[in-house]
> 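Quick one: structure below, then a few questions.
Proteins come first, then strands; the chains are lettered A, B, ... in the order of their sequence lines, and each starts at number 1.
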Amino acid sequence: MKSILSVLASLSFLVFTNTAVAGPTWYPQPVEAYKFGEMYPDEQALLFAFDYGHALVYERLLHNRGKITDPQAFEKQILAEVMAILKNPPTVKVDEDEIAPKYVFTFPMMVDVFDWSHLLHQYVLDVLASSKNRGPAMDARIQELFVQYNANKRIAITDVCKTMLFMDGHYFSKEFRRKFPSFNLLIWSYHWFQIKLYEALMKPSLLERDAAVKQVTAEFWELISDLPDSAYFDMMPETKTEAPTFFKKFSKISASFDNNHMLHDIVSDILTSPKVLEQDMRMVGITYAQMAMDPEAFKSNNCQ
Amino acid sequence: MKKLMLAILFVLPLLVSADHLPIPGKKPPGPDFYRDLTYKIRSKVEFEIPFPGVKSTVNYSLTWDTPAYEIPMIGDYHWNGDKDPHFYRMFYDRIFTKAGSYIEINGEKLPLTCVFVDGQDNRFAGGNPTPLLPDFVLKIYFVANDFSCQGPIKPGWPTTGGKEQNWDTYIYYEIRDPTIMLPTDAIIRYRWNETHMVLVDRGN
């Protein structure tokens, strides 16, 4: 009996160790994985389409660095391509390195950090959509996933909220939104959609949740119907404002998600700004990904 | 419960060390021995890709950081079950490298993020010792761009989606002589393309 216990103790150590260094693959997957898509297939497909939305523009910016003489035409073309994907979204999650191999190779740490964070996004949606219990058990389950997320310290974005200076306070900042305002608003609309889904799924009854998700989706299409005029954002949408119920209950997860969204803007600016030299791009990417994970960098004292 | 039992069946061989019949005069070492062996791997090596008219140089430089496993994983494999005291031992280790470690390929520097060791200790395998059979074989991967040191294969694949293999870029070589940790059979994988390399020993 003693030896069986010792084996089990060692086994639990191994399981813990593997979880702690599981990398961007979350394994074993949560039992709720992709349940959101079973209940809301159109919205799940939109989320898969957003992967294209981010990656395609990054890849094109990299390939065309220094050669974009007409930013408006560049933006118009890529918007048209992405809109076509949004209207006919994939039902399968496509690997980012298939869509944007140059971007993935140039920003390896960003990609690991985003992949890991996006899995948390997905699984939180999955639990919120599928949990029969709408009280403490559901909250505990989400917190449990968050603990697993944070255990992968080398690629986990901090849950300490950051000031907007993290996004906008650098020598290359705001270049993307200046040059490509419509595409920037499209990316902010993606983030708005994700945040709003959390809020919609906080509703107590299934009927209310279904209606709220439908409403959010309709509003999303309205937001992107005639960019840049159709989207009203002056600033990146934040969880605290757009999803107050979710924020109140899961403020640390909210901070982690907002930091992720800010990091997306940072990548866009690094890729667009001529102030970042091409040969420095990989190192700059690593530096800012590390900042996203650092609880002290651009720490806000006005979180709650 | 069924999953737990299956997990125990698969993991058990990695957990039990050589507490079988003892080999006279030979005591198998503990895990620290293999960790120390890993730390003796060269921290800088230069290679070239031999091809006429093309000069391709590849090198790496690393500083060790913390290991991913508390101790290396060890599994002993007996030739004829537990009654045979002779066995060969497999060991695995994954160690992070510090920021600033790199792989450089024709001037392009990539972050070297971790080292993965797949080793074999043949000293307890029985038979007559011969200089043609190495005591140790260390297969080493110097991995770029895997910041959480996930490993060569995506865990849980295919249910976890995407590609089976996880590493698109690494330097690989084998060590059969641990006295000077001589790299042999070196390969560079760069964005999934693989080619063989030879060691450049400038004597410094």
> Is B/T169 in contact with chain A via its backbone, its side chain, both, or neither, using a 4.5 Å heavy-atom distance?
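The answer is the side chain of B/T169.
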> We want to know whether A/T25 and B/Q150 form a side-chain donor-acceptor pair, criterion being a heavy-atom distance below 3.5 angstrom.
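Yes, a side-chain donor-acceptor pair sits under 3.5 Å.
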> If only atom types and distance count, is the side chain of A/Q29 paired as donor or acceptor with the main-chain N or O of B/T159 below 3.5 Å?
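Between the backbone of B/T159 and the side chain of A/Q29 there is a qualifying donor-acceptor contact (under 3.5 Å).
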> Would you check if the side chain of B/N145 reaches a backbone N or O of A/P108 as a donor-acceptor pair within less than 3.5 Å?
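Absent.
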> Does anything in residues 153-173 of chain B pair up under salt bridge (charged side-chain N to carboxylate O under 4.0 Å, His left out), and if so which pairs, sequence neighbours excluded?
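Every pair satisfying salt bridge (charged side-chain N to carboxylate O under 4.0 Å, His left out) with a residue in residues 153-173 of chain B: A/D97-B/K163, A/E98-B/K163.
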> If you define the side chain from C-beta out and look only at heavy atoms, does anything of B/E108 sit under 4.5 Å from A/R282?
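In short, these two side chains touch, coming nearer than 4.5 Å.
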> Any chance you could measure A/F105, atom CZ, to B/Y190, atom OH, to the nearest 0.5 Å?
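So the gap between those two atoms works out to 4.0 Å.
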> With the side chain counted from C-beta on, respond yes when B/F147 and A/V113 share a heavy-atom pair under 4.5 Å apart, and no when they do not.
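No, every pair of side-chain atoms sits at 4.5 Å or beyond.
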> Before giving the answer on side chain to side chain contact (heavy atoms under 4.5 Å, CB included), spell out for B/T66 and A/R154 the whole-Å C-alpha distance, their side-chain angles and the decisive distance to 0.1 Å.
CA-CA 12 Å; B/T66 50; A/R154 287 180 184 258; 2.9 Å; yes
> Should we count NE2 of B/H196 as having more than 12 external heavy atoms under 6.0 Å?
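12 or below, so no.
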> Is it the case that more than 12 heavy atoms not belonging to A/Y171 sit under 6.0 Å from its OH atom?
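Atom OH in A/Y171 is crowded, with more than 12 foreign heavy atoms closer than 6.0 Å.
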> Taking all atoms of both residues into account, what is the closest heavy-atom pair of B/S148 and A/D112, and its distance?
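Shortest heavy-atom contact: N-OD2, 4.2 Å.
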> So, taking the atom named CD1 in A/I155 and the one named SG in B/C149, what distance separates them when rounded to the nearest 0.5 Å?
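That separation rounds to 11.0 Å.
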